[in-house]
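All values derive from a computational prediction rather than experimental measurement. Here is how names work: the chains are called A, B, and so on, in the same order as the sequence lines, proteins then strands, and each is numbered from 1.
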There are 2 protein chains.
Amino acid sequence: MSKFKEINIDHLKLSCSECNLRELCFPHGMKEEELSNLDAVVDQPKPLHKNDFLYRDGERAMAIYAVRSGCVKTMTESANGDEQIVGFHLPGELLGLDGFADGSHTCNAIALETSSVCELPLDQIESLCHRLPGLQKQMRRIMGKEVNNDHKLLLLLGKMTAEERLASFLLSLSARMEERHWKDNEFNLTMPRQDIANYLGMAVETVSRLFATFQSEKIIDVDRRHISILDIKRLRSIVGECE
Amino acid sequence: MSKFKEINIDHLKLSCSECNLRELCFPHGMKEEELSNLDAVVDQPKPLHKNDFLYRDGERAMAIYAVRSGCVKTMTESANGDEQIVGFHLPGELLGLDGFADGSHTCNAIALETSSVCELPLDQIESLCHRLPGLQKQMRRIMGKEVNNDHKLLLLLGKMTAEERLASFLLSLSARMEERHWKDNEFNLTMPRQDIANYLGMAVETVSRLFATFQSEKIIDVDRRHISILDIKRLRSIVGECE
DNA sequence: CCTGATAATTGATATAGGTCATGTTTTTTT
DNA sequence: AAAAAAACATGACCTATATCAATTATCAGG
């Protein structure tokens, strides 16, 4: 038995000003006194478990969300039932902007593993943005980022080969790991191959085969969901980036 | 010689409150007195000619733009030089949000034909949104729409067959024609086949062949750039929408 | 610790749609 | 009006990647 008392950290609210993700998240570029205003409205509900929905297509949009830990995927559904994953959201990344157009979400947000999120309620955003110019500006930046992200993905799906897509995916993950001051050459995939395949617009089998190829070419090392990037230059040259 | 005096309509400013596109554009949902505030800052520079750039990738973002007449395409460039068209913007539709992330545009915006646009200068947006809650709300709606649009396109590129893509494209155009109270079953394409192909992630030849197939099946009538939709139900069933 | 279920790999085969080549029509330039 | 250049169409062929099938590895629950 531990001599420490067990406490339920679910109910411990971590303030934005103390959050180590603040530079990636809502608070980016905000002043100290603005942050305390933000803290007052940001809620942290209990964590999501694997496969829990954060929100569903068609549901009324109540908030925008920031991932605090774990990973959340967003996916659109088509008329005839097939789905396209449009994003994997890592800690510090935001989601829920799809509800801005007409007040209802247009995609599903599902936790890939146990994850906690922070909520910024929509009904408070208006007044909050009015009081905090920093937040207003950050909101615009966030949306711009989302749009740019989507554009990159459109380019990937529209113009790249399967090999380029997977290389691009790994590079994107690596870069985002670095942003979080985590190891950028060694990380775990939080999603199954199926989800990677769906996101990149190809078949699972192709993902498997490409992982095998990259491994045999000593570009990466794959152990189940654990990825080590051995030759990032090769990855970059595959997607066509000059050094 | 005409007995009427020639006037340069380029310098005639049409106010937002009088614009017949106002319900699709910035003014949507705004009150009468808010509109006059909007009018005061919206600029209408001289028209763009075919192939003129409205803005370029990397350029500092100065404004967000609304198409008033004509059509403007936006395209992203990849590291290795290939391009993906991410949108065709019809009158009343907005563009330029890609500059919100870090103040610089990340795509090129090019006129497909002689087009005029209205500009809402970025440096005035902040104070204007502060004064006009209606604009603030509309800005959010606009961004949500952009995100939803991109998601639909991701689904198209990630999951649909060439046939479904082209059908989907025609249906989207038709719906947008209707929004503008134009004929929704008969319209002219403003873009060459090459651009359609690029946008839909396929080869020009495939676009040509599919137009021919659709025509032979009496789904549409194609005469060069003129499209008549003969059987919209068939188009809907191709993309998998139930009636 | 087993056991069915899920996830991942690997091989064989098929095909949607790309690429190449050629011809025609339309548009632009001189 | 002629020439050059785009834009578009159509046929023949090919390839990247999907699909199908079978096998192995991993995981979640009793």
**Request:** Establish whether the base of dT19(C) is bridged to the side chain of Arg209(B) by a donor-acceptor pair shorter than 3.5 Å.
**Result:** yes
**Asked** Is Asp195(B) paired with Lys73(B) through a side-chain N to carboxylate O contact shorter than 4.0 Å?
**Response** yes
**Asked** So what does Thr206(A) hit on the nucleic acid, given a heavy-atom distance under 4.0 Å: a base, only sugar-phosphate, or nothing?
**Response** sugar-phosphate
**Request:** State, to 0.1 Å, how close Asn108(A) and Asp57(A) come at their nearest heavy-atom pair, and which atoms those are.
**Result:** OD1-N, 2.8 Å
**Ring geometry between Tyr65(B) and His105(B) (parallel below 30°, tilted from 30 to 60°, perpendicular above 60°)** = tilted
**Request:** Using a cut-off of strictly less than 4.0 Å between a heavy atom of the residue and any atom of DNA chain C, enumerate the qualifying residues of residues 156-167 of chain B by number.
**Result:** Thr161(B), Ala162(B)
**Request:** Mind listing the closest non-hydrogen atom pair of Leu200(A) and Leu156(A) along with its distance?
**Result:** CD2-CD2, 3.9 Å
**Prompt:** What are the two closest non-hydrogen atoms of Ile229(A) and Leu235(A), and how far apart are they?
**Reply:** CG2-CD1, 3.9 Å
**Item:** DNA chain C contacts made by residues 215-229 of chain A, counting heavy atoms under 4.0 Å
**Value:** Arg224(A), Arg225(A)
**Asked** If you take all heavy atoms of Ala66(B) and Cys25(B), which pair is closest and at what distance?
**Response** CB-SG, 3.5 Å
**Asked** Is a side-chain N or O of Arg165(A) found less than 3.5 angstrom from the main chain of Leu157(A), in a donor-acceptor match?
**Response** yes
**Message:** Rounding to an integer number of Å, can you tell me how far Asn51(B) CG sits from dT27(C) P?
**Reply:** 16 Å
**Request:** Identify the heavy atoms of Arg234(B) and Asp231(B) that sit nearest to each other, and give their distance.
**Result:** CG-OD2, 2.7 Å
**Asked** Would a 4.5 Å heavy-atom cut-off, applied to side chains only, mark Val207(B) and Met202(B) as touching?
**Response** yes
**Message:** Whole angstroms only, please: what is the CD-C1' distance between Gln194(B) and dT19(C)?
**Reply:** 13 Å
**Fill in**
chain B reaches DNA chain D, atoms under 4.0 Å from its heavy atoms, from dA7(D) to dA12(D)
**Prompt:** Quick check: are there more than 12 heavy atoms from other residues, nucleotides or ligands sitting under 6.0 Å from NZ of Lys159(B)?
**Reply:** yes
**Prompt:** Salt bridge or not for Glu93(A) and Lys145(A), using N-O below 4.0 Å?
**Reply:** no
**Request:** Report the residue (Met202(B) or Phe211(A)) whose heavy-atom-nearest nucleotide on DNA chain C is the more 5′ of the two.
**Result:** Phe211(A)
